[in-house]
Participant: 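First, the structure itself, so that you have it in front of you.
Sequence positions, counted from 1, serve as the residue numbers for this chain.
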Amino acid sequence: MSELDDQAPLAYGGLPDDLESTLVSPGRRSDPERLVARLIELGWSVGVAESLTGGLVVASLVAVPGASEVVRGGVVAYATDLKESILGVDPTLLEAHGPVHPRVARQMADGARRVLGREGRPAQVGIATTGIAGPDSPDGQPVGTVHIAVSTPLGSRAESLLLGGDREAIRTATVARALRLALDAL
């Protein structure tokens, strides 16, 4: 008989009580998962207004199971006139500064809350992105100029960035930063 034959087999359920009740984490949650979970916890909804990201922010949120509890929808206002007509961005602001400006991003976020609300009440959170992903700049601002805004009942905040890389890298980095800004606001 070998030494192994002398040992009793290990059985499931033979763990000490403190280990049997230990919860195992599935790992670090992504920012979209964390944002959806936080919104569910608060009982808040979110609307998204996007220009250069073209729907990638809202797509990252709706990819999360359970997102339908909090995500109201998204508006892709790629054209400047849609920022005004759908999201309510001030036409004087657009005339003076163009669509790539931090105040435009703030007004887009406010517009997302208003337009994507429910029963006459705004969504509690609005996220907006506007910028220049390249390869060319239509108004002379550097490619990679990005403005992100988040609006909540507590106020709004905007962040201006100058991102490097190609068009895809700029758009991807913008989505990641927009989600982090929203998490920071909550």
Side-chain angles (χ1 to χ4, degrees), residues 27-42 44-64 67 70-80 82-83 87 89 93-94 97-116 122-186:
R28 187 178 184 281
R29 293 185 300 174
S30 68
D31 284 345
E33 290 169 327
R34 290 177 53 225
L35 182 54
V36 167
R38 181 68 176 136
L39 290 166
I40 290 170
E41 179 183 307
L42 292 170
W44 283 12
S45 62
V46 63
V48 183
E50 301 182 64
S51 187
L52 84 148
T53 50
L56 293 174
V57 174
V58 77
S60 71
L61 293 173
V62 300
V64 176
V70 294
V71 177
R72 294 287 301 150
V75 172
V76 176
Y78 201 64
T80 302
L82 294 178
K83 291 172 181 66
L87 297 170
V89 175
L93 174 63
L94 291 168
H97 298 287
V100 181
H101 191 273
R103 284 182 39 215
V104 170
R106 280 181 191 256
Q107 289 186 16
M108 288 173 65
D110 290 338
R113 288 186 61 212
R114 188 177 53 258
V115 170
L116 297 167
Q124 286 83 8
V125 179
I127 302 171
T129 64
T130 187
I132 302 168
D136 301 315
S137 174
D139 65 2
Q141 293 186 70
V143 170
T145 300
V146 172
H147 305 288
I148 301 163
V150 174
S151 175
T152 73
L154 305 173
S156 65
R157 64 172 67 174
E159 182 173 279
S160 299
L161 309 166
L162 183 57
L163 301 171
D166 62 11
R167 183 175 179 81
E168 183 179 344
I170 291 167
R171 294 174 73 223
T172 300
T174 300
V175 171
R177 189 59 208 141
L179 294 170
R180 277 189 233 113
L181 187 64
L183 280 165
D184 290 346
L186 303 181

Participant: What are the two closest non-hydrogen atoms of G47 and A123, and how far apart are they?
Facilitator: N-CB, 4.1 Å
Participant: Shortest non-hydrogen contact from D136 to I132?
Facilitator: O-CG2, 3.7 Å
Participant: Specify the closest pair of heavy atoms between I170 and A133, including all atoms of both residues, with the distance to one decimal.
Facilitator: CD1-O, 3.7 Å
Participant: Taking atom types as modelled, find out whether T129 and T53 have a side-chain donor-acceptor pair closer than 3.5 angstrom.
Facilitator: yes
Participant: The test is side-chain contact (heavy atoms from CB on, under 4.5 Å); show your working for V75 and V58 and say whether it passes.
Facilitator: CA-CA 9 Å; V75 172; V58 77; over 6 Å; no
Participant: Roughly how far apart are L35 CG and L183 CG, rounded to 0.5 Å?
Facilitator: 5.0 Å
Participant: Can you find a pair of side-chain heavy atoms, one from R177 and one from L163, that are under 4.5 Å apart?
Facilitator: no
Participant: Minimum heavy-atom separation for S51 to Y78, with atom names?
Facilitator: O-CD1, 3.2 Å
Participant: Using 0.5 Å steps for rounding, measure from the CG atom of L82 to the CE atom of M108.
Facilitator: 10.0 Å
Participant: How many angstroms lie between atom CG of L52 and atom CD of E50, to the nearest 0.5 angstrom?
Facilitator: 8.5 Å
Participant: In this structure, are over 12 heavy atoms from other groups packed under 6.0 Å from E41 atom CD?
Facilitator: yes
Participant: State the CZ-CG distance between R171 and D166, to the nearest 0.5 angstrom.
Facilitator: 10.5 Å
Participant: What heavy-atom pair brings T130 and K83 nearest, and what distance separates the two atoms?
Facilitator: OG1-CE, 4.0 Å
Participant: Looking only at atom types and distance, does a side-chain atom of R167 sit under 3.5 Å from a main-chain N or O of G134, one as donor and one as acceptor?
Facilitator: yes
Participant: When you look at R72 and Q124, which way does the side-chain contact (heavy atoms from CB on, under 4.5 Å) test go after all the steps?
Facilitator: CA-CA 10 Å; R72 294 287 301 150; Q124 286 83 8; over 6 Å; no
Participant: Mind checking the CD-NE2 spacing from E159 to H147? Nearest 0.5 Å is all I need.
Facilitator: 11.0 Å
Participant: Which value, rounded to the nearest 0.5 Å, describes the distance between H101 atom NE2 and T145 atom OG1?
Facilitator: 11.5 Å
Participant: Should the pair R38-D31 be classified as a salt bridge under the 4.0 Å nitrogen-to-oxygen rule?
Facilitator: no
Participant: For the residue pair V76 and G54, what are the closest heavy atoms and their distance?
Facilitator: CG2-C, 3.7 Å
